[in-house]
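First up is the structure itself, then whatever we jot down about it.
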Amino acid sequence: MKQWLVASGPASLDVAAALAAKLGAKLARVDTTDFPDGESKVRIYEETRNKNVIVVQSLHPPTDRHLLQLLLLAHKLSEDGADVSAVIPYLAYARQDREFLKGEVVSLGVLAHLFRSVGIKRVVTVDIHSAQGLGLFSITAYSCSAIPLLAEYVSKNYTLKNPIAVSPDFGSSERVEAFAAVLKSEYVSFKKTRDRLTGEVITEDKNLDIAGRDAVIIDDMISTGTSVAKCAQLLKKDGAKKVIAACAHALLVGAAVEKMKAAGVDELIASNTIPGKYSKVDVAPLIASYFERL
Ligand code: R5P
């Protein structure tokens, strides 16, 4: 079995420590500081030649800073002769995986080039926005899913009345199916459209027959909370009792939490790909099992 060394950027200290413990790997000391003008500086205090090093860094806000720290760290490690894997629990820019409007940059493709150019050999992430994004990588890219773990968490911690699992859009249909399989519940997907210029979200009313039932909304990420809020409003209108929102990546930008609460969301549960108050489900075992299989 391979011996691993785990080196964490500042965005993912908890996941990195848990991953190192799972793999029985050493956690390297890495210092990340800022120059007065805002430039990032990274230093690793470890001999890494010929070692298999896993760099762990999520790309939640400040996204571009976290991205640069990851690139600097990975570059140093590969320059020093390490075999570098990158664990990126939340892979930002994954929603921009195609040219939706003419002239738009396929940002995820640019990230894939950058990762390769700094010597990263493989990328492991959690619930990438769409599997299509993996096709932009010319290095190994793998996405594991926290959805079954989120479903187990909900199942263990809540007593739900005849629950229904709900996807706020067709993009999360597979996720809701996986969630419902663990919950042993019915599931449904809403149709959501987003205006590519204004960002306005419209969710089609399905007039569900769910009076008195509990509902769990599942998505890969919650950013502004708009998608979940629109969905929750319709579920409440149709008579849903408790509404839980569960996601892999709780970005929770601005007043997202207040917006979802106002729309009728009672509970919010996320994985720890992004650290925070609602990040209850640890993804380290999922990621560790990928490396154990290598
Ligand atoms: C989009 O298709 C994603 O799966 C999420 O539904 C979306 O990014 C969530 O964003 P927001 O919380 O801003 O509606």
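Numbers for residues simply follow the sequence, beginning at 1. Just follow the structure's listing: the first ligand is 1, and inside any ligand the first atom is 1.
The pair Asp83-Lys121 meets the salt-bridge criterion, with a side-chain N (NZ, NE, NH1 or NH2) lying under 4.0 Å from an Asp/Glu carboxylate O. Between Arg65 and Asp34 there is a salt bridge, since a side-chain N of the basic residue sits under 4.0 Å from a carboxylate O of the acidic one. A salt bridge links Glu46 with Lys26: at least one charged nitrogen is closer than 4.0 Å to a carboxylate oxygen.
Residue contacts with ligand 1 for Asp169 involve side-chain atoms from C-beta outward but no N, CA, C or O (heavy atoms, distance under 4.0 Å). Of all the heavy atoms of Asp220, the ones lying under 4.0 Å from any atom of ligand 1 belong exclusively to the side chain. For Met221, heavy-atom contacts with ligand 1 shorter than 4.0 Å involve the backbone as well as the side chain.
Closest of all the heavy-atom pairs between Val265 and Val228 is CG2-CG1, 3.8 Å.
The nearest protein atom to atom 14 (O) of ligand 1, hydrogens excluded, is given as Ser227 OG, 2.6 Å; this is a heavy-atom distance. Among all non-hydrogen protein atoms, the one lying nearest atom 8 (O) of ligand 1 is Arg95 NH1, 3.0 Å. When hydrogens are left out, the protein atom nearest atom 7 (C) of ligand 1 is Arg194 NH2, 3.8 Å; that is the closest non-hydrogen contact.
Side-chain atoms of Lys206 come within 3.5 Å of backbone N or O of Ser189 as a donor-acceptor pair.
For atom 13 (O) of ligand 1, the choice among Thr226, Asp127, Thr224 with the nearest heavy atom turns out to be Thr224.
Each of Phe137, Tyr290, Tyr142 was compared with Arg122 under the side chain to side chain contact (heavy atoms under 4.5 Å, CB included) criterion, and only Tyr290 meets it.
Looking at Asp219 next to ligand 1, an N or O pair under 3.5 Å apart turns up. For the pair Gly225 and ligand 1, the shortest N or O to N or O distance falls below 3.5 Å.
For the pair His129 and ligand 1, a heavy-atom separation below 4.0 Å is found.
Of all atoms in ligand 1, numbered sequentially from 1 with element shown, those under 4.0 Å from a heavy atom of Ile222 are 12 (O).
Counted by atom type alone, Tyr93 and Asp64 present one or more donor-acceptor pairs between their side chains at under 3.5 Å.
A 4.5 Å side-chain heavy-atom check between Asp127 and Thr273 finds every atom pair outside the cut-off.
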